[in-house]
Amino acid sequence: MATIIDGKALAAKIRQEIANEVNSVAAAAGRRPGLAVIQVGADPASSVYVRNKKKACEEAGIVSFGYDLPEDASQEQLLELIEALNQDERVDGILCQLPLPDHMDEFTVLNAIRPEKDVDGFHPVNVGLLSTGHKSLVSCTPAGVLEMLKAYNIEIKGKRCVIIGRSNIVGKPVAQLMLREHATVTIAHSRTVDLPKICRDADILIAAVGRAEMVTADYIKPGATVIDVGINRNEQGKLVGDVRFEEASQIAGAITPVPGGVGPMTIAMLLKNTVQAYRQARGIL
Ligand code: GUN
């Protein structure tokens, strides 16, 4: 039976550390870090994420500023709001919850956020800094994955890492992070031929496809570490990952559960990024 990587417990520990750090830094600087969270429309899943993000901020002593725009808001309105927040000195981080309504262009909107305040790490400047191996704000889910591997002392250097999924939010940035940690990295995706065979090569398998329980035992090398980024509902309406946990945990060496794995780490990393942006803005290093 595999070691279960407990993201919930690790995230709670990190959040406590951040709360302590915020208390001491904010007392010295005379201002708490601030995060602006923008939601356009009322997608129910986004509303849950946004609520959890704001709550986590408050628990860590970070001030959260919520902005809810209606589904039919114009892109101009959103860009004006972002520009106001770029200028607002109380705001260290700006997060615009995705997905955006169809009439908005995601690239234009993410580009409008000042890179120094881009706590999601989605701005092309931050993406470019990451891929050239420079310090940047790193997108939260990939950062959470790396933090979990390190906390459980899982060797990355020289190991084979296969990522299933090539999204801008997870697949591509997690590949860059693993490369920076000296793994040999393969990005596989829906068009990859003989996916199970490629995955069976992996010492570290990261599933970020968004298809309920697609990864079965025959994708996994015995003893491998399996990181499940998926959050899906199966046919019974139960929350499941991209990995079939019961059978995968019989063969893997270590595995993250869903829920309680990567999900809580994403929020912890958002807080960490907000404090990093705050420190950089105030020259506290
Ligand atoms: N939608 C799904 N995941 C994310 C995320 O990490 N950040 C934002 N802003 N939107 C998302």
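Read the numbers this way: they start at 1 and go in the same order the structure lists the ligands and their atoms.
Linking ILVMFWY residues whenever their side-chain heavy atoms come closer than 4.5 Å, directly or via other members, places V275 and I113 in the same cluster. In the hydrophobic clustering of ILVMFWY residues, with side-chain heavy atoms under 4.5 Å counting as a link, L78 and L95 come out together.
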Validation: residues 169-186 side-chain donor-acceptor distances under 3.5 Å, sequence neighbours left out:
| from | atom 1 | to | atom 2 | distance (Å) |
| --- | --- | --- | --- | --- |
| K172 | NZ | N168 | OD1 | 2.8 |
| E181 | OE1 | K150 | NZ | 3.4 |
| E181 | OE2 | K150 | NZ | 3.4 |

In residues 54-65, what donor-acceptor pairs under 3.5 Å come from side-chain atoms, sequence neighbours left out?
| from | atom 1 | to | atom 2 | distance (Å) |
| --- | --- | --- | --- | --- |
| K55 | NZ | E59 | OE2 | 3.4 |
| E58 | OE2 | S64 | OG | 2.7 |
| E59 | OE1 | R15 | NH2 | 2.7 |

N/O donor-acceptor pairs under 3.5 Å from side chains in residues 198-211, not counting sequence neighbours:
| from | atom 1 | to | atom 2 | distance (Å) |
| --- | --- | --- | --- | --- |
| R200 | NH1 | D218 | O | 2.7 |
| D203 | OD1 | K221 | NZ | 2.9 |
| D203 | OD2 | R160 | N | 2.8 |

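Under the 4.0 Å criterion applied to side-chain N and carboxylate O atoms, D6 and K13 are not assigned as salt-bridge partners.
Residues lining ligand 1 at a heavy-atom distance below 4.0 Å are given as K53, L95, C96, Q97, L98, D120, F122, ordered by chain and residue number.
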